[in-house]
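Note that ligands are numbered from 1 as they come in the structure, with each ligand's atoms numbered from 1 the same way. One is the number of the first residue; the rest follow in order along the sequence.
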Amino acid sequence: MLVALIIPLIESVRNGPSILIIGAGPSGIAAATKLLKNNYTSIKIFEAEDRIGGRIRSVEFGDAFVDLGAEWCHGEKENIVYDMINQYNVLRHTNLSYKLVYSNGKYIDDDVYQALIDFADSIDASVTNEETEKNCQGLQSIGECFQKQFNASFTKRYSTDSGKLKLAVDSADWLECYMATYDSTFSLQDLSRRSNYKRCEGDLRLNWNGRGYKTILELMMQKFPDTSKQLPLDERIVLRKEVTKILWRHNNSKVVVQSSGNGSDEFDHVIFTPSLGVLKASHDSLFDPPLSVEKVTAIRNFGFGATFKIAMHFPKTWWNVSELYGFVWSAEDEKKITSDFPEGPFKNGRSWLTTSTKFFQAEHNPKVMIAFFAGEMVPDLEKESDQVLIDGCMYLFKTFLGSNYSVVEPDSIIRSSWYTNPHFRGTYSYESVKGGSGSRYPEELGKPLRNEDERPTVLFAGEATHPYYFSTVHGAIESGYREADRLINLYSS
Ligand SMILES: Cc1cc2nc3c(=O)[nH]c(=O)nc-3n(C[C@H](O)[C@H](O)[C@H](O)COP(=O)(O)OP(=O)(O)OC[C@H]3O[C@@H](n4cnc5c(N)ncnc54)[C@H](O)[C@@H]3O)c2cc1C
Ligand SMILES: *[C@@H]1O[C@H](CO)[C@@H](O)[C@H](O)[C@H]1NC(C)=O
Ligand SMILES: *[C@@H]1O[C@H](CO)[C@@H](O)[C@H](O)[C@H]1NC(C)=O
Ligand SMILES: *[C@@H]1O[C@H](CO)[C@@H](O)[C@H](O)[C@H]1NC(C)=O
Ligand SMILES: *[C@@H]1O[C@H](CO)[C@@H](O)[C@H](O)[C@H]1NC(C)=O
Ligand SMILES: *[C@@H]1O[C@H](CO)[C@@H](O)[C@H](O)[C@H]1NC(C)=O
Ligand SMILES: *[C@@H]1O[C@H](CO)[C@@H](O)[C@H](O)[C@H]1NC(C)=O
Ligand SMILES: *[C@@H]1O[C@H](CO)[C@@H](O)[C@H](O)[C@H]1NC(C)=O
């Protein structure tokens, strides 16, 4: 009798507290691997999807891995992803020539393109620009500042060149989508001019050389570069297990977790990593007792949107592999879309075909082209059939590139559905105007729930909990390590 009681006790002391990590994205994998390396072996991951990786999703397509989620390592300084992978010589600079093409099939002059990008940078929230500060004083959103400044800025710049002025003015819609892509907002009107987001220095577009961003997960799990050293994590991951309720003050010792299939399990601690989108939709039903007013306010007011990606495989390479294309409609040609290609979503008279931001070849994948779309039509695009997407892209290719290239139809496509998928409900977080001037919402989102004796029971990791690297993989990984350390420190003190 005594032995029967003591053995589990000794087990629990030897293996440390029982810890459940919800979600096997980069933050969950980071937390799990750090705990394992510190001899916390009584850990589990419940993952709702049938795969690990979360918003890292590298799919074998064509000749290499293509990323439907995170794609680039953003920066080289103080970037944990870069620091971890650098010695293995995997990352490559993305070496593409950026080309804007007009709907008459001609390149838009490089200096107009550069002026547009400079304009975007000048109103970016993570950059301070004196002139913008003066001109956009009192305006909350990037969108308002854009509208106030755009025509004024280009009318001044091209006062003696009406041709370039027209090109620039016609490029405004493309530029809005381009900017919306960066923060994955549906509307620049919701994107705050004040943000604590910090760009890492160095190349912001380091690619994974056809191996996929998943390589960082393999590295953390010690499957890369040498499988024989892998951590004993696979057997601790339960796939297709969706957590539906977290009873965090059930009694004073354990957290009770209910999940799909009517399972119910108890843990000493839970690390919660699902996206801000999941929290927005389900915090009410997920947490019992409910979350604090402060946390709910942060969940409501921090921004979360989506972008849409398509990867297209062609029977042959027909484009110029060293170019990345952005397509700009002339005001006149745009009017023709309604009759020439009425399929797919329209909003406020604008076709989805005006919301593409870039087309470029995937690395080490000469027959695969990646396309990005942004803005408020993304949720509708996720629901469109493959055929409408293919037909629409073919219409774009013929219009913009058809005079110089023999365009052929893709033979297969893969596509993202981050907004529609209930385990994500979008792509990544951003500072919305609802937060006022640079909120502290990520810090609030990262605060643990504590029981009566102040012990942290439910901990929060995930990109949206990082004070200045939110929205990125490096932010997600740092947040996972942070919460693992919180527990390690708790038990070592
Ligand atoms: C299209 C796209 C492009 C991106 N591009 C880049 C980029 O180039 N560079 C960059 O640094 N970042 C990029 N990101 C952002 C990056 O992917 C994310 O910041 C990062 O993956 C977030 O990791 P996470 O662990 O916080 O969350 P996630 O990766 O979302 O992991 C959370 C996990 O929780 C699971 N889950 C959800 N609900 C439940 C539940 N109820 N029960 C159990 N499990 C659940 C989910 O299935 C998921 O696997 C991109 C994201 C997207 C979608
Ligand atoms: C983990 O346990 C091993 C074997 O008992 C020991 O050698 C190692 O030092 C421990 N590591 C930590 C971080 O405690
Ligand atoms: C990148 O582009 C530069 C200049 O166009 C070229 O010199 C270099 O070889 C390219 N690098 C790769 C890896 O293609
Ligand atoms: C196509 O070629 C013409 C003539 O050389 C050139 O003016 C135009 O910019 C090119 N367009 C593209 C998209 O390459
Ligand atoms: C700029 O001016 C054009 C033409 O007068 C107008 O149609 C457009 O809406 C303006 N764009 C912005 C961003 O204000
Ligand atoms: C806490 O609740 C669980 C689940 O109902 C129960 O098994 C356990 O004995 C309770 N512990 C205490 C200390 O009440
Ligand atoms: C879970 O329990 C409910 C009610 O007891 C039952 O209706 C449902 O079928 C169960 N679901 C599963 C997957 O067992
Ligand atoms: C492909 O694009 C590059 C960069 O714009 C250009 O230098 C090169 O001449 C193009 N090649 C062909 C065959 O058009």
Asks: Check each atom of ligand 8 against the heavy atoms of K99 and keep those under 4.0 Å away; list them by number with element.
Replies: 5 (O)
Asks: Got a protein heavy atom sitting under 4.0 Å from atom 5 (O) of ligand 2?
Replies: no
Asks: Nearest heavy atom to atom 8 (C) of ligand 5: which of L175, N151, D170 does it belong to?
Replies: N151
Asks: Does K309 make a cation-pi contact with F372, if we ask for NZ or CZ under 6.0 Å from the ring centre and within 45° of the axis?
Replies: no
Asks: Closer than 4.0 angstrom, basic N to acidic O: yes or no for D234 and K223?
Replies: yes
Asks: Which of the numbered atoms in ligand 5 are below 4.0 angstrom from a heavy atom of Q147?
Replies: 14 (O)
Asks: Does Y107 have K99 sitting over its ring (NZ/CZ under 6.0 Å from centre, angle to axis within 45°)?
Replies: yes
Asks: Pull out every atom of ligand 8 sitting under 4.0 Å from any heavy atom of S322, numbered as shown with elements.
Replies: 1 (C), 2 (O), 3 (C)
Asks: Considering the heavy atoms of S97, write down every atom of ligand 8 situated less than 4.0 Å from one of them.
Replies: 4 (C), 5 (O)
Asks: Any protein heavy atom sitting closer than 4.0 Å to atom 2 (O) of ligand 2?
Replies: yes
Asks: Taking the cut-offs as 6.0 angstrom to the six-membered ring centre and 45 degrees off its axis, would you call K34 and Y481 a cation-pi pair?
Replies: yes
Asks: Considering only the protein, which heavy-atom contact is closest to atom 13 (C) of ligand 5, and what is its distance?
Replies: F150 CB, 4.1 Å
Asks: Less than 6.0 Å separating the ring centroids of W318 and F397?
Replies: yes
Asks: Which protein non-hydrogen atom lies closest to atom 11 (N) of ligand 2, naming both residue and atom, and how far is it?
Replies: N39 ND2, 3.0 Å
Asks: Is NZ or CZ of K214 both nearer than 6.0 Å to the six-membered ring centre of F65 and within 45° of the ring axis?
Replies: yes
Asks: For ligand 8 and E323, I'd like to know whether there is a polar contact (N/O to N/O, distance under 3.5 Å).
Replies: yes
Asks: Do the side chains of E133 and R194 get close enough for a salt bridge, i.e. N-O under 4.0 angstrom?
Replies: yes
Asks: For the aromatic rings, using the six-membered ring if either is Trp, is the centroid distance between F346 and F341 under 6.0 Å?
Replies: no
Asks: Return yes or no for this condition: an N or O of N320 is under 3.5 Å from an N or O of ligand 8.
Replies: yes
